[in-house]
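To keep things clear, I will list the structure first and then write my remarks on it.
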Amino acid sequence: MQKKEKSFGIQMLSVQPDAKPKGCAGCNRKIKDRYLLKALDKYWHEDCLKCACCDCRLGEVGSTLYTKANLILCRRDYLRLFGVTGNCAACSKLIPAFEMVMRAKDNVYHLDCFACQLCNQRFCVGDKFFLKNNMILCQTDYEEGLMKEGYVSQVR
């Protein structure tokens, strides 16, 4: 049975001057700093709660950490290691799980590959595009294709 990944919140807390110092889950020393982090029901120095891969300080990169396979990870490394990858519908190359993508129905594309597959026109936010026979087309190429097929364009 495979362990499921989990995401956990990170809280930054002020250390109360009159409170007994808490032990750090990372280095096992007492936390005497002004602030401490609480995550995974444990207390941490800000420098001790780090991603197991890139060593970034998790309290600085967000309010969430991920755990799987006994690793504590930032979101990017969690997705890089355990995220679902797929192939670009245009170039067929692998799309890493952490990369931004464009989607059209069931197809997924690299941002750079999301262009008209006839004239290579790149699309900007708000541009119309059409998916015909699993090809991305700009409005001009789509309408020309309809004319060649003898249809009247219904595009407005």
Hits for side chain to side chain donor-acceptor pair (under 3.5 Å) against R29, two or more places apart or cross-chain, chain-then-number order -> none

Spatial distance of atom CE (M12) from atom CZ (R34) [nearest 0.5 Å]:
11.0 Å

Could you check whether any side-chain N or O of D141 sits under 3.5 Å from a backbone N or O of C138, counting only pairs where one atom can act as donor and the other as acceptor?
no

Hey, is the main chain of G26 close enough, under 3.5 Å, to the side chain of W44 for a donor-acceptor pair?
no

Of all the heavy-atom pairs spanning L37 and G59, show the shortest one and how long it is.
CD1-CA, 4.0 Å

Are M100 and Y109 connected, step by step, through hydrophobic side chains (Ile, Leu, Val, Met, Phe, Trp, Tyr) whose heavy atoms are closer than 4.5 Å?
yes

Return the minimal non-hydrogen interatomic distance between A25 and N28, and the atom names on each side.
O-OD1, 4.4 Å

D112 side chain near R122 side chain, heavy-atom distance below 4.5 Å:
yes

Taking the six-membered ring for Trp, is the centroid-to-centroid distance between Y66 and F82 below 6.0 Å?
no

Please check if M135 and L146 belong to a single hydrophobic cluster, counting links between Ile, Leu, Val, Met, Phe, Trp and Tyr side chain heavy atoms closer than 4.5 Å.
yes

Roughly how far, to the nearest 0.5 Å, is SG of C116 from CG of L137?
5.0 Å

Rounded at 0.5 Å granularity, tell me how far CG in L71 sits from CG in L65.
11.5 Å

Measure the spacing between CG of N134 and CG of D106 and express it to the nearest 0.5 Å.
9.0 Å

L94 reachable from V108 in the ILVMFWY side-chain graph, under 4.5 Å edges:
no

Please name the pair of heavy atoms, one in T67 and one in I72, separated by the smallest distance, quoted to 0.1 Å.
CG2-CG1, 4.2 Å

I need the minimum non-hydrogen distance between A115 and N120, along with the two atoms involved.
CB-O, 3.9 Å

Criterion side chain to side chain contact (heavy atoms under 4.5 Å, CB included) on T140 and C119, from CA distance to verdict
CA-CA 10 Å; T140 303; C119 70; over 6 Å; no

Nearest-0.5 Å distance that lies between atom CG in L40 and atom CG in L49:
7.5 Å

Y43 meets the ring pair (Phe, Tyr, Trp, His ring centres under 6.0 Å) criterion, sequence neighbours left out, with none

Intermediate values then yes/no, side chain to side chain contact (heavy atoms under 4.5 Å, CB included), L131 and I136
CA-CA 5 Å; L131 192 62; I136 302 172; 4.2 Å; yes

Check I31 against H45 and note the closest heavy-atom contact, atom names and distance.
CA-NE2, 3.6 Å

Hphob cluster co-occupancy, F129 + M102, side-chain heavy atoms under 4.5 angstrom
yes

Distance col, row L118:CG vs Y142:OH, nearest 0.5 angstrom, shows 13.0 Å

Might you work through the side chain to side chain contact (heavy atoms under 4.5 Å, CB included) test for C53 and R80, ending with a clear yes or no?
CA-CA 10 Å; C53 286; R80 186 175 57 80; 3.9 Å; yes

Could I get the full list of side chain to side chain donor-acceptor pair (under 3.5 Å) partners for R75, not counting sequence neighbours?
none

How close do I95 and H110 get, counting heavy atoms only, and between which atoms?
CG1-NE2, 3.5 Å

